[in-house]
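Remarks on the structure that follows.
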Amino acid sequence: MNDYHRDQGPRRVGQVKEVTSLANPIIKDIKALANKKERDETRSFIAEGLKLVIDALDLGWTIKTLVYAKAAKGKTQVEQVALKTVATGGLVLEVSEKVLSAITRRDNPQMVVGVFEQRYAHLRDVKPVVGETYVALDRVRDPGNLGTIIRTADAAGASGVILVGETTDPFSLETVRATMGSVFAMPLMRATVAEFVKWQKAAGVQLAATHLAGAVDYRTIDYRKKPVVLLMGNEQAGLPEELAREATALARIPQQGRADSLNLAIATGIMLFEARRHLLTLDDRT
């Protein structure tokens, strides 16, 4: 990867570049962020849509590169985002719809795309308190599932999502899309199995895990006395024994129909809203 995208140096501050060619080196570098290797090397990722970009800025994220379609030029919100990007040393690109389609891999792309730096919190720094709920995912594989879980955790008021073992990339195009912007609001942590087990023991949490051999109805668990970590297994294999044996409670979600299993994101949502039932109320905005 060349230096066009890596180097966001002072010479670019204040620049708005017009780009129409797919061969432009900066565009090539942004397109390359569709690949995990490039995302990891540059610690960057792409988020699509004006609302997502505005939400990210409101939450304190900095845009490395802002890309918008010519048709969006002159729109007040786009101009404001462009000014903020330039003010923090980012690059602003005005591009054709063809270029946006190539970046997003969509025929009808969003009018605005932002390139951001990845963020992970350190699990060792997380000190759960009563009333907090975390979701721990063992080797989650599907980007749609992970994105939906991050979005659901955000909606339920969870305090973070812990990725245990080798998981799908939370900053892939597919996952970020599925989060609907919640990737900017929900702290993400990574851990090996050993690191997670050590942390949860020291943290004094209630570790509620879903398991096919679960002996407890998930609705009968007391989620009030300690901070809660909901531990969900891999889509195909479920939880390995080394994690299942660490659980305070092995839970099952009762089922009655012909389907013998639930989608991981659905199961996580059910567990989340039950664990936080005593903390959630309708307000005037709902």
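Counting from 1, the numbers follow the sequence of the chain as shown.
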Evaluate whether atom [atom1] of [X] has more than 12 neighbouring non-hydrogen atoms of other residues, nucleotides or ligands under 6.0 angstrom away.
X: Asp107; atom1: CG; value: no
X: Met180; atom1: CE; value: no
X: Arg119; atom1: CZ; value: yes
X: Asp125; atom1: CG; value: yes
X: Leu262; atom1: CG; value: yes

Any side-chain heavy atom of [X] sitting closer than 4.5 Å to one from [Y]?
X: Lys84; Y: Leu57; answer: yes
X: Leu100; Y: Val67; answer: yes
X: Leu91; Y: Lys64; answer: no
X: Leu66; Y: Val53; answer: yes
X: Ile103; Y: Ile27; answer: yes
X: Ile30; Y: Leu93; answer: yes

Practice task
Specify whether Phe116 and Trp61 have parallel, tilted or perpendicular ring planes, treating 30° as the upper limit for parallel and 60° as the lower limit for perpendicular.
Solution key: perpendicular
Taking all non-hydrogen atoms of both residues into account, name the closest pair between [X] and [Y] and its distance.
X: Glu38; Y: Leu33; answer: O-CD2, 4.0 Å
X: Ala153; Y: Val135; answer: CB-CG2, 4.5 Å
X: Ala34; Y: Leu173; answer: CB-CD1, 4.3 Å
X: Leu272; Y: Ala158; answer: CD2-CB, 4.1 Å
X: Ala208; Y: Ile221; answer: CB-CD1, 4.4 Å
X: Val229; Y: Ala136; answer: CG1-CB, 3.9 Å

Do [X] and [Y] belong to the same hydrophobic cluster, where Ile, Leu, Val, Met, Phe, Trp and Tyr are linked whenever their side-chain heavy atoms lie under 4.5 Å apart, directly or via other members?
X: Val228; Y: Ile162; result: no
X: Leu230; Y: Val193; result: no
X: Met189; Y: Ile150; result: no
X: Phe171; Y: Val140; result: yes
X: Leu188; Y: Val164; result: no

Residues pairing under side chain to side chain donor-acceptor pair (under 3.5 Å) where one sits in residues 158-167, two or more places apart or in two chains, turn out to be none
*Working for side chain to side chain contact (heavy atoms under 4.5 Å, CB included), residues Thr133 and Arg276*: CA-CA 7 Å; Thr133 312; Arg276 295 190 59 77; 2.9 Å; yes
Salt bridge (Lys or Arg N to Asp or Glu O under 4.0 Å) pairs touching residues 177-187, sequence neighbours excluded, are Glu48-Arg177
#### Entry: salt bridge (Lys or Arg N to Asp or Glu O under 4.0 Å) partners of residues 188-213, not counting sequence neighbours, each pair once
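For residues 188-213, and leaving out neighbouring residues, the salt bridge (Lys or Arg N to Asp or Glu O under 4.0 Å) pairs sorted by first residue read Lys201-Glu246.
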Could you check whether Glu132 and Tyr134, counting side-chain N and O atoms only, form a donor-acceptor pair closer than 3.5 Å?
yes
Knowing that exactly one of Glu94, Met111, Gln110 qualifies, which makes a side-chain contact (heavy atoms from CB on, under 4.5 Å) with Tyr68?
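Looking at Glu94, Met111, Gln110, the match for Tyr68 under the side-chain contact (heavy atoms from CB on, under 4.5 Å) is Glu94.
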